[in-house]
Amino acid sequence: MEFKPTERQQEAITTIHCPVAVVAGAGSGKTRVLVERYLYLLDKGVKVDEIAAITFTKKAAQEMKERLRKARPELIPDLERAQISTVHSLCQRIIQEHPLQARMDPRFRVGEEWETRLLLAEVIEEVVQETAPPSDLGTFGDVCSVVLGLYEKMLSKGDLRFERAFSEPLAEFPLLPLEAEVKKALAIVPSTVRQREVLAELAEEWPYLVELLRLPDDNLRLEALEILRRQVGKIRGKLAEEVRALKELIAFAEELIAEGKGRAVVTYLGQVLQRIHALYSERKRLGGLVDFNDLERITCELLQDPLVAADYPFSHVLVDEFQDTNPLQKRIVDAFTARGALLFVVGDPKQSIYRFRGADVGVFLQAEQEVQGKGRRIVLDTNFRSTPELIQFGNAFFAKLLEGELIGFDASCHHRTHAHRPCVSILQVAADDLAVDEARALEARQIALKIRELVDSGRYRYEQISILFRAMTSVYIYERALKEAGVPYVNLSGRGFYSKQEIQDVLHYFRWLEDAGDEVARLAVLRSPFYLISDSGLFWLRQGREDKLSPKEQAALAQAAQDYAALQLLAKHRPAPEVITELLRRTNYVEKTWKLPFGPQKVANIEKLLEQSWDLFARNVYTIPEQVRYLRLLAREAQKEGEAQLDAEHADVVVLRTIHSAKGLEFPVVFLADTSAAAVRAPKGKALYHPEVGLAWRGMRDYKLIQEQEKAAEISESKRLLYVAFTRAQEELYWCARRGREVTDSWWSWLQAHLESIDPQLYQLVPGELPPLEPQPQGETARLELSRYQPLPPQYSQVVFSVTELMNYDRCPRYYYLRHILGLPERSRDKQGALGASSGLSATERGSIVHRVVELIKDPAALSVLVEQAAALEGVELDARQRAQLEEMILPYLRSEFFARVQAEPAGQLYKERSFFRAAGDFIVNGLVDQVFVGEKGVEVVDFKTNWITADQVPEVGAAYAVQLRLYAWAMARELGRPAVSSQAYFLIPNRLYALDPELLDADETEQWIVDTCQRIIRGAELGAQAFLPRDNCALCRQNYYCLHAWNAGKDGRFGETTDVEEDLLEEELL
Amino acid sequence: MTVLHLVPSTYLRQTRRRLSREGQPALAATLGGLAAQILRAGMVSYQENRLLEGVAVWQCVQDLEERLEFFAPIAQFKGFRQELQWLFGRLDYGEDIYGAMPQPGRAELELLHRRYHEILEEHGVVTAPGRLKLALELMGQGRVLPEVDTVILEGLGELRPLEQAFVAAFTAGRQVEVVKRQAQDPVLKVTKAQDPADEVELMAQALRRQIERGTPLEAVAVAFPSPEQYLPLIIPTFARLHIPWQAPGTSLRNTPLGKTLLILIAGTLADWDKRSLELLTAPGWGFPFGLSGEAHRLLRLAPPLKGLASWRSYLGQQEGWEPVFQVMAEVEAELRLRPLSEYGAWLESLLDRLDPQLWVTPADSVETWAELVKAWDGLLDVAQTLRRFSCALPPAQFLQLLEDLLGSYLIRPRRVFSERVQVLRTDQLGGFVYDYLFVGGLVEGQFPPHGRAHWLTKARAEVEREQLFTALTGSARHVFLYYPEVDREGKRNLPATVLHPAEAEEKAAAREPVHFPSLFIGSGLLNDADLLEQLREKVLKQGLSVSQLNTYAKCPYRFFCEYVLNLEALEEESLELDAREKGIIVHSVLRTFWARHLEGPLPSLEEAQLLLEELLTSAYRERGFAPPADLVRALRFFIRQDLQRVQKGFRPAYLERAFGQVVIPSAHGPVPMRGRIDRIDWHPDGAYVLYDYKTGDPPSNESVREGKDVQVAAYLVAAQTLLPQGRAVGAAYYPIDGGSPRGVFHQDYRDELAAARGSTMAGEDYLQQLAKFEQILSELVDSILEGAFPVEPADSRVCSYCPFQGICRKEVGLSGI
């Protein structure tokens, strides 16, 4: 649909030559205006690189990009690099592009909330441990928790002035004035019996109290003052006036002591916070970690550097949701405008609700003022979202509620057609004699029934209904009511995931796996859907009378024992997500859970846990002990883990969420829950902080000051939050309240105070008489569609085997399994150095050097040089003895007829180091042949061997190479298209040739042998070790220290050691 | 004629197979493989050692640290060293990265680069680009591999300057053919998934269907811009759907040996906090000390101590822990600023003690054991590499280096012969044509990747979007493209700009609304006759304590766990005195105090306060603490009020008076009730009151009267049997923080007891209340004997710290894990 802007929207879009502040009420199309302005700027020739658009959430940024793409497909390549992001993404980019200036690790990353909180908690403990906190701070745990709260609060305000200086000295303790005033009081002439008694008590107490007061001990003085206060408090009636000065003096003295104690505590806290900040910053820096506060702070500092700022020559900066900006973010924006960028901010001060995160609505008001002189302030007041009736109700109510607030109130105009019915329903339940939670439960039930009614009547679907909460503390009561009424819902509040039954079930299983003797964990697992043992069953189990369990339970118990053993073993060497997967598989947990009420949600949660476990796995949090500890921390430090979003946002379920998370969203029907709860809570805690005051400890004069200021600010924020909640509704809003036991400063009390001034046509009161709950249909209502995937038959396609592999398989299948399938190294053996060979080189080194020389040598005179070069290639530095031995090994070959033949062979008839990659049936065999002579009769293959053997041993050792010689002969015959006439091993040490039995030279037969052998190996690999039986030539084996068979045969060895092999008879084939 | 196919490593295997199938006597190699062949033929000696290359970067920074000015602010960061290695690679491949770099940065980078190569040269190590360079030099000296007369370049993509020069030199004088993938106009389908999990699920299902239809695995592939980001989804999804794929190997870091080594160092650096010690001794994953289950539990329940000495003193008496401390002490002694060579030697000696069989034997699981053996070998490799370096690192940096080395060292997986689906990076596509290609993760910023300017070179990765898309669509006959609507954190994604939005397939989602069956937690009524008989026999014989009855009143299921199942919760010890211990101390202090003053003149206030302070200090000292100031002040105040109360007539007469003969009538017979009353104060006229000291918040008067808390009720009922000679005129919780006692008092004694208005009752009401208490207790006992144990806590606070949440399955908190 084509966008037709209103006049004011048009003004906001096209005013591009001066700064603009747009005040945009709820539903007034501000995002649209932002996008249109961006497009307008492009139309006016502004380049994409010159515009920075800052949104409040990543989602908003993506939405903006999407709209821009749709509007201008031709600009997509340009838009790809457009700076449209949250302020934190922008900060991240600026720091990433300037790590040197920021003194940051160039590969820094933004830590997750739990991660940085954990680090901070560790630092706090460390620092506090090194100090001696004033005793008023309480236990070590109390100190840490106070410090954590303060630190986070101060950082959210961007304040790093931890230490507080007190300009006024502390007054002297008014001992003498007190004594004087008490004397005056004791001199009063009583007129009643009661007065006489009271004064007599005071007179009796006073000597004791004055003694305490004279001691320079604050605790004793406080004790005395408290008693004195109580005593003096009893002096009432006409005489009260006579002790007024005394009372004031007592209060002053108490405040003085509290002030003194407070100052000591605040001084201590300031020092500790300073140290914590330094250490925490250093730890983060060294770990390459930053948090959101760091991003803003570092960017702000970076942009003060003109060279850095010059890298971001924006001419237009567009900021959305500016009412939730903090002063630091404003400074970042100012850095751009200081270089000439024109500012365009959109926001609604009425919707500023992120004070707890450091947002300051004053920043918006300040920006508005700044714009006043040189730019324009535009108000978008048409609400396109809600029905006129909702808007009228809102205008009437909020005009009153926000009266006197700094932000003011601009009424909204409506755009939609009238609904002609009240769109606000006030649901009330009577809660006069009920405890708060009981009353909440009633309210929750009313909500649940109303939702049922709305859906059953066909007016709405569940997914069109949202229940909004200011705080989620009591959400479980509402969840229970929805469950009981059979209303499907999902709690997106960002809480509760870890306390869900299904999640606890898995975590208890983990706990049980960690400690077999943890009976609580064991019984929790047994009673869960894993095994469904009844309470009676648990009882008999504890009695050791398993026979008393039902047969079904006995079977479940036996299954549990089996599962436990298997899982415990698995947990010892497999990562946690594999253990969870196996646990779910063995116990059919998903299927069982699906059948429970809210099964799909539970299954989704389980899947989320599994996904989380794989995520951790990918981040090296790998094992069950690691993951359990991590999850515990996560649950503790970042409890804001919402349930899995069932089928994303498309499931037909009612959504429970916080008002904060609903910001920017709209719903046809909104239930505003728990409005009878207190709208604000006075800030609690022993220590408070305020940017203008600094730290204050309970009892200090500033403490009350901060408390009052905070409370006033909270009330304003709460009003704005209510505005946001109210304006989420498109069609209907249900205001849920409880009658009786009224709380002052609850949203409900605010509404009641102004209800009379609202047109009664705009709302209806719904009494809270609740009908009995109809029994819900039992049994399965949804079917689990878990398709069971069967394993696929394995596919094989031209598996490649090397000649060495096939030879090794032929020698010993077990060796083959260890070396070539499991891939066990031989490295440990190599490092042992000489293996029976007198050269002092390893067999591999010796073989490689000799082969290389034999391959390349043409002139016997070059022998020494070649040996040296070949040794260097192996990274070996030869000593004189080794060099002589190697030369001695090769010399007979150089004098042999064979060498003479090689020398004489014309080019094209001799191949050296010929590699091949040859198909045999469905397999491929590869290898490297040392030398091949191609003659008219056929091919002759020769492979050099460097085994340290005698002439007598040649037949035996040569036979061990038969497979190799046979395969070479086959490969060369096929490669060169001529039959093989011979295949020989040339043993250099005794300088003898070993010839393969000619019967084995037949290429077709060899090929069949290859296919059979390869098939045997492949089939065996599916079965495992048992398909690869050992032969009995263990003494010659290089893997025998790995091999159980060799151990049993008496070739025992420990890992990392070699057995005493007499001779290294079988050398490794070199490729 | 010999033809050589030059291909990227990803396709070497396929190319060789293809050639072999076609029966061609053709060779295939990668650029690196070809260079190796040339060097071998030219007798050029060198070593390849990726580990050593990594360490060399650290050493070059250490060597030059004092001379660095430009990079000085970031020289100590691990990320800087990783950046350097990346920059060195680019330089070595001949890329000009100096263009926009400031002169001082350039000079220092050159210096570092030079030093890096000097180090490599000292160790005889040649990097991959170094090998290309050497081969290039050899080619300049004469023709290599003369038998090759034709070269076919396949799927090599954009070559870097050095690679281009290498290819140009090798192909000079030979026939060259370049195989370029053309856009094939494949069957293209774009699917929008809800999130990455859904995306992988959809891909996997489609892939599985293709395989079931008989498509050879070799003809299908999966690609992502960053497959590593998708691994946590690919692994479980492909496993569930039984899709065979080539998974990456496990890194050395994630093997038991790697974990043990790292936790030994990290634990020492963290001064052995509890978590580190737990990981060090984790069965199967930590050092194989062979600790018993008891020994493990002892640690689990230990307080969060720190430091070897603390652990030794806490656990040292228990069997099995000494070897653990020995290892910790040895490591502590080894970890200090020292040269890498010494660290290497230490690691090697440590390896002698890390025999894989200590974790698992081949008889248990030959494959798991083999993984460990390979890990052992890898660690030896690391140790031996480190031995070759002289630069000194402090332990924290050594740990970083080791984490890097172990993290990048992948253990070779067991060989599998059957075919596997390849999971590729999108930039690896283009060298092979598949029948079916599934590409996921096509979101903006990932594909094409963000072209942000590099912090040092200021270069932007310029991306040819269309070229990328062509490579992608030219790689298969059927291409299935996916993108997730939101990322893994639920934040919204945009589709890659190369995807036309109109091609996106929307997923249908609408579902019929259904009402789910109501949640049935169960009545909690046990009906097993034998069980009930046993339970009744036990209760009737042994009776119930007041605190058990109170537990039942607060939550019947908790009573079931504690009393019927006889479960005891295992809780971690605290380093500080908890509320329970504080209560015990206060009770004992007050008992001792009043025990000395049951008779005779009452002490003066000063004496009383002094005595209490002394008792409190001594009780705290015994436990190694000093009494908190607020508790001292509270007790001084408490005793002041208490003495005043006592002076009015009621004086403590009995302390911790136990009872056991009191019976509660029930439908199944009388049930003995036992308990212990903290204090009974006697009035000269025969009236008395019963007190239970309370260090925390006592329940309200209302809760007491309604029987939500039955302790006071039980005392009053018991008193009638216990002290028939007197008249019970009240019972209450006596808060020690100075507040008024909460409970029930007879109105007539209000002044003597200084009772608060809300806690007194007039004569008739008082008697009725007593009768109500009797009735409440009887009803509780009856319910217990009937086996009624529903999960019905009196209020949600009851559950907050309940250790049995996991069993009752009430979703309230987290204390269960």
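Quick caveat: nothing in here was measured; it's all calculated off a predicted structure.
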Asker: Need one label for A:Asp515: side chain, backbone, both or neither, based on atoms under 4.5 Å from any heavy atom in chain B.
Answerer: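 Looking at A:Asp515, just its side chain touches chain B.
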
Asker: Under 4.5 Å between any side-chain heavy atoms of A:Pro625 and B:Glu278, yes or no?
Answerer: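 No, their side chains stay 4.5 Å or more apart.
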
Asker: More than 12 non-hydrogen atoms from neighbouring residues, nucleotides or ligands closer than 6.0 Å to CZ on A:Arg81, yes or no?
Answerer: yes

Asker: What part of A:Ala872 gets within 4.5 angstrom of chain B, counting heavy atoms only: side chain, backbone, both, or neither?
Answerer: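 Its backbone and side chain both get close to chain B.
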
Asker: Check each atom of A:Lys58 against the heavy atoms of chain B and say whether the ones under 4.5 Å are side chain, backbone, both or neither.
Answerer: side chain

Asker: What part of A:Pro99 is in contact with chain B, defined as an atom under 4.5 angstrom from a non-hydrogen atom: side chain, backbone, both or neither?
Answerer: both

Asker: I want to check something: taking the side chain as every heavy atom from C-beta on, are B:Asp528 and A:Trp540 in contact at a cut-off of under 4.5 Å?
Answerer: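 Touching, per the 4.5 Å side-chain cut-off.
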
Asker: Using non-hydrogen atoms only, which part of A:Ser474 is less than 4.5 Å away from chain B: side chain, backbone, both, or neither?
Answerer: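 Neither part, no heavy atoms under 4.5 Å.
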
Asker: Which atoms of A:Ile477 are under 4.5 Å from chain B, going by heavy atoms: the side chain, the backbone, both sets, or neither?
Answerer: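 For A:Ile477, neither part sits under 4.5 Å from chain B.
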
Asker: Verify the neighbour count for atom CD of B:Glu576: are there more than 12 heavy atoms of other residues, nucleotides or ligands below 6.0 Å?
Answerer: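 Atom CD in B:Glu576 is crowded, with more than 12 foreign heavy atoms closer than 6.0 Å.
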
Asker: So what's closer than 4.5 Å to chain B heavy atoms on A:Ser135: side chain, backbone, both or neither?
Answerer: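 Contact with chain B involves the side chain of A:Ser135 alone.
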
Asker: With sequence neighbours left out, write down each residue that passes salt bridge (charged side-chain N to carboxylate O under 4.0 Å, His left out) with B:Arg492, or none if nothing qualifies.
Answerer: A:Glu63, A:Glu66

Asker: Side chain from CB out, backbone as N, CA, C, O: work out which of these in A:Leu856 comes under 4.5 Å of a heavy atom of chain B, or both, or neither.
Answerer: side chain

Asker: Could you look at B:Arg13 and say if it's the side chain, the backbone, both or neither that has a heavy atom under 4.5 Å from chain A?
Answerer: neither

Asker: Flag the pair A:Met104 / B:Phe80 as yes when at least one side-chain heavy-atom distance between them is below 4.5 Å, and no otherwise.
Answerer: no

Asker: Flag the one option from B:Lys458, B:Glu218, B:Lys374 with the top tally of heavy-atom pairs under 4.5 Å to chain A.
Answerer: B:Lys374

Asker: Is the count of non-hydrogen atoms from other residues, nucleotides or ligands lying under 6.0 Å from B:Arg412 atom CZ greater than 12?
Answerer: no

Asker: Regarding B:His454 and B:Glu83, is there a side-chain donor-to-acceptor distance under 3.5 Å anywhere?
Answerer: yes

Asker: With sequence neighbours excluded, tell me which residues meet salt bridge (charged side-chain N to carboxylate O under 4.0 Å, His left out) with A:Asp105.
Answerer: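 Salt bridge (charged side-chain N to carboxylate O under 4.0 Å, His left out) list for A:Asp105, sorted by chain: empty.
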
Asker: Is A:Gln543 close to chain B through its backbone or its side chain, or both, or neither, when contacts mean heavy atoms under 4.5 Å?
Answerer: side chain

Asker: Based on non-hydrogen pairs under 4.5 Å, which of B:Leu241, B:Asn566, B:Leu231 is most in contact with chain A?
Answerer: B:Leu241

Asker: Checking heavy atoms, do the side chain of A:Arg285, its backbone, both or neither come under 4.5 Å from chain B?
Answerer: both

Asker: Test your reading of the model: is there a side-chain donor-acceptor pair from B:Trp359 to the backbone of B:Gly286, 3.5 Å cut-off?
Answerer: yes

Asker: Measure A:Ala61 against the heavy atoms of chain B and call it side chain, backbone, both or neither at under 4.5 Å.
Answerer: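 Neither part, no heavy atoms under 4.5 Å.
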
Asker: Where on A:Leu523 is there a heavy atom nearer than 4.5 Å to chain B: the side chain, the backbone, both, or neither?
Answerer: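 Its backbone and side chain both get close to chain B.
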
Asker: Check whether A:Leu569 gets within reach of chain B through its side chain, its backbone, both or neither, counting any heavy atom under 4.5 Å.
Answerer: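 Contact with chain B: none, neither part.
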
